[in-house]
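Down below is the structure, laid out as structure tokens.
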Amino acid sequence: MGELKLMKGNEAIAEAAIRAGVDAYFGYPITPQSEVIEYLTYEKPEERTGMVVLQAESELAAINMVYGAASTGKKVLTSSSSPGISLYQEGISYIAGAELPCVIANVVRGGPGLGTIQPSQADYFQSVKGGGHGDYRLLTLAPSSVQEMADFVELGFEIAFKYRNPVMILTDGMIGQMMEKVELKDPVPRWTDEQIQEISGSWATVGKPANRERNIVTSLYLDSAIMEQHNHHLQAKYRQMEAEEVRYETFDTEDAEYLMVAYGSSARIAQKSLTLARAKGIKVGLLRPITLYPFPAKPLLDLVPQLKGILSVEMSAGQMIEDVRLSVECKVPVVHFGRFGGIIHSPEEVLEALEQKIIGG
Amino acid sequence: MRNNNMAEDCIYTAKDFKSDQEVRWCAGCGDHAVLNAVHKVMAEQGFPKENYALVSGIGCSSRFPYYMNTYAFHGIHGRAAAIASGLKVANPDLHVWVVTGDGDSLAIGGNHFIHVVRRNIDLNVILLNNQIYGLTKGQYSPTSLEGQITKTSPYGTIESPFHPGELVIGAQGKFFARSLDNNVKLTIEILHEAANHKGTSIVEVLQNCVIYNDKAYAAITDKETRADRQLFLKHGKPMIFGKDNDKGIVLDGLRLKVVKLGENGINEKDILVHDAHQPNPILHLMLVNMNYPEFPVALGVIRAVKATTYDVKLEDQIEKVKAGSKIHTMNDLLYSGNVWSV
């Protein structure tokens with residue numbers, strides 16, 4: 001049985017990491033997520049589990065420390081917020097190319113540039129469409145509660161190791177800063193050297209047995225024929241993710257004539273809009289993508305025959321809406337609604353958009 | 001090059017350099033005094049306001065641009081030195097100032113910082129060193145002292161801090177000075193020297209963060225004892241300090257040593273005379289590293305060595321290449337390189 005606590009989303013990530021047997025955390029302070037490293041340093045994880053925590057000199061250093069640590073086959077976590085995540089992109093591309101597992105949390109704030117420290121969902125493209133260079137994908141989990149902030153750390157590592165690919169927890173300043181009840185799982189010990197040997201011995205820095213070549217961590221393949229093969233191999237992993245890792249949740253979709261699609265904070269807000277709309281007799285449902293990549297395209301398409309219109313709700317100028325449109329294959333109108341630049345839309349504003357842009361429109 | 005540095009035509013006061021923005025630093029923050037000093041120095045330098053550009057990175061210190069009635073640039077965390085480098089070489093007529101902090105310039109911006117010093121681009125850099133990350137609310141910085149309690153080092157840091165002066169000299173720096181936030185007179189004096197110096201000048205201001213690292217420099221700024229713990233360096237003057245002007249610095253073998261005048265036959269002639277213009281940096285390195293309690297902390301212009309700046313070398317090179325080029329017309333250009341008749 002776990003333990004019930006009232007925590008900030010950022011603290012939940014940190015506590016869950018210690019309990020999930022994470023081996024290392026590297027990060028650099030940035031608002032609105034500095035509580036992750038502050039909580040970790042205060043909790044002395046080096047005494048609780050032996051986990052190491054290091055405040056790097058920059059985000060560039062942090063992501064490269066992650067790159068190095070991930071090569072050891074251990075569970076490595078980092079977190080930052082939008083401007084810092086932009087600095088991570090080079091490292092993320094290399095880590096994906098070199099096929100190493102790690103979990104990265106982005107507690108998104110408004111941009112572009114230094115922007116604001118208020119919440120935003122404007123890093124969707126960067127996370128889902130590949131913020132770094134090359135044909136790679138970042139499996140992206142979008143928590144909409146403090147509970148999921150905790151749960152997705154463990155889930156993130158499970159997926160990261162299954163595919164040897166970085167996993168992004170894409171959240172925002174609202175969920176990072178708000179406090180909610182969270183049920184924390186019982187701690188699991190960190191992997192032993194023997195377990196790491198067994199799980200990751202074929203690629204990690206665990207010593208070289210006589211029966212295989214040494215492991216080299218690289219993303220460089222100068223021979224383009226080999227590079228193409230490597231890319232085919234990566235693409236096969238992404239196809240497998242699309243087949244096996246799609247996660248989503250629906251609310252009141254059985255009789256829905258209209259649908260809202262929203263993730264993370266916006267999904268929480270849309271849940272309230274849903275209640276308000278249903279009270280007015282509007283037959284609306286909500287689909288909440290939990291994985292943004294892979295996007296729940298098929299479940300969305302399956303709902304299309306009963307729908308007259310879709311409202312894509314996100315705290316951006318309209319990014320996820322592109323995936324919503326691709327999913328429904330132009331069979332139903334899709335309209336964007338969202339406040340952005342650090343402003344959080346209210347449930348009433350979402351309802352108004354639904355009534356005016358979808359039902360009335 | 002245009003010459004719009006018509007000092008004699010411009011009569012400014014510090015007020016002219018103040019912007020209409022509300023200054024948002026905390027009450028009691030050391031940055032306020034430095035801002036006032038910069039307003040005053042820029043006015044006294046006498047150049048038109050529009051000939052100044054002030055560049056910052058990110059951090060408390062980097063809010064400076066909003067409070068200046070000059071061209072200003074609130075840049076990217078750690079990148080102020082690089083942004084200022086681009087600005088200065090693209091428009092050498094501007095007087096380019098950089099305001100940065102210990103986190104901004106020595107952690108994330110460490111790389112750009114040492115390279116701007118090495119290149120010796122004509123920039124005036126003010127480094128507000130409060131030994132803490134203020135804007136993100138109290139995590140340790142690369143100048144935080146070993147053992148310092150902060151939000152990310154609740155049991156004390158285990159990292160060894162950078163000493164900005166040591167880093168500047170290591171990066172072949174030509175100008176390094178140090179002041180205290182509460183000594184506005186000294187800050188103004190130093191900033192004038194930095195402004196007049198051709199090349200990258202680094203001015204470290206030991207600055208108190210009242211919220212997250214209060215009294216970081218109390219040991220050397222306390223009214224009762226500061227005269228014995230601060231050494232004001234002046235080129236050509238002996239290194240004498242103390243409430244009664246009775247202490248001095250001598251070279252003892254390969255180390256500096258504090259001595260008392262009148263004791264063991266020591267008189268003023270034995271005391272080291274400060275030579276800020278000496279290209280050999282060894283003594284300057286020893287001076288920047290002096291620290292309380294063994295030594296007083298050295299303040300003033302510690303190193304100011306003349307050298308050709310990058311921007312001058314760059315312009316010279318462009319002129320030389322132009323003069324030696326065989327291409328003077330469009331036709332020359334079209335018929336240069338590999339040309340074939342078809």
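Proteins come first, then strands; the chains are lettered A, B, ... in the order of their sequence lines, and each starts at number 1.
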**Message:** Students often mix this up, so state it plainly: with edges at 30° and 60°, are the rings of A:Tyr28 and B:Tyr133 parallel, tilted or perpendicular?
**Reply:**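 Ring orientation of A:Tyr28 relative to B:Tyr133: perpendicular.
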Might you confirm whether atom [atom1] of [X] has over 12 heavy atoms from other residues, nucleotides or ligands at distances under 6.0 Å?
X        : atom1 : value
B:Phe162 : CZ    : no
A:Phe157 : CZ    : yes
B:Lys215 : NZ    : no
A:Ile117 : CD1   : no

Run the side-chain donor-acceptor check on residues 83-90 of chain B: report pairs under 3.5 Å with partners two or more places apart or on a different chain.
| unit_1 | atom_1 | unit_2 | atom_2 | d |
| --- | --- | --- | --- | --- |
| B:Ser85 | OG | B:Ala81 | O | 2.7 |
| B:Lys88 | NZ | B:Pro92 | O | 3.0 |
| B:Lys88 | NZ | B:Leu94 | O | 2.7 |

**Message:** Please classify the contact between B:Tyr140 and chain A as side chain, backbone, both or neither, with a heavy-atom cut-off of under 4.5 Å.
**Reply:** both
**Request:** Measure distances from B:Ile158 to the heavy atoms of chain A and classify the residue's part below 4.5 Å as side chain, backbone, both or neither.
**Result:** neither
**Prompt:** Do the side chains of B:Lys137 and A:Ser34 get nearer than 4.5 Å, heavy atoms only?
**Reply:** no
**Message:** Given 3.5 Å as the limit, does a donor-acceptor pair link the side chain of B:Tyr155 with the main chain of A:Tyr42, or not?
**Reply:** yes
**Asked** Among residues 105-126 of chain B, which ones touch chain A with a heavy-atom distance under 4.5 Å?
**Response** B:Ala107, B:Ile108
**Message:** Taking side-chain contact (heavy atoms from CB on, under 4.5 Å) as the criterion, tell me which of B:Thr150, B:Thr152, B:Thr157 meets it with A:Gln55.
**Reply:** B:Thr152
**Message:** Tell me every residue that passes ring pair (Phe, Tyr, Trp, His ring centres under 6.0 Å) with B:Tyr67, counting only those two or more places apart in sequence or in another chain.
**Reply:**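 Ring pair (Phe, Tyr, Trp, His ring centres under 6.0 Å) check on B:Tyr67 returns B:Trp25.
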**Prompt:** For chain B, which residues of residues 58-78 of chain A have at least one non-hydrogen atom nearer than 4.5 Å to it?
**Reply:**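 So the qualifying residues are A:Ser58, A:Glu59, A:Leu60.
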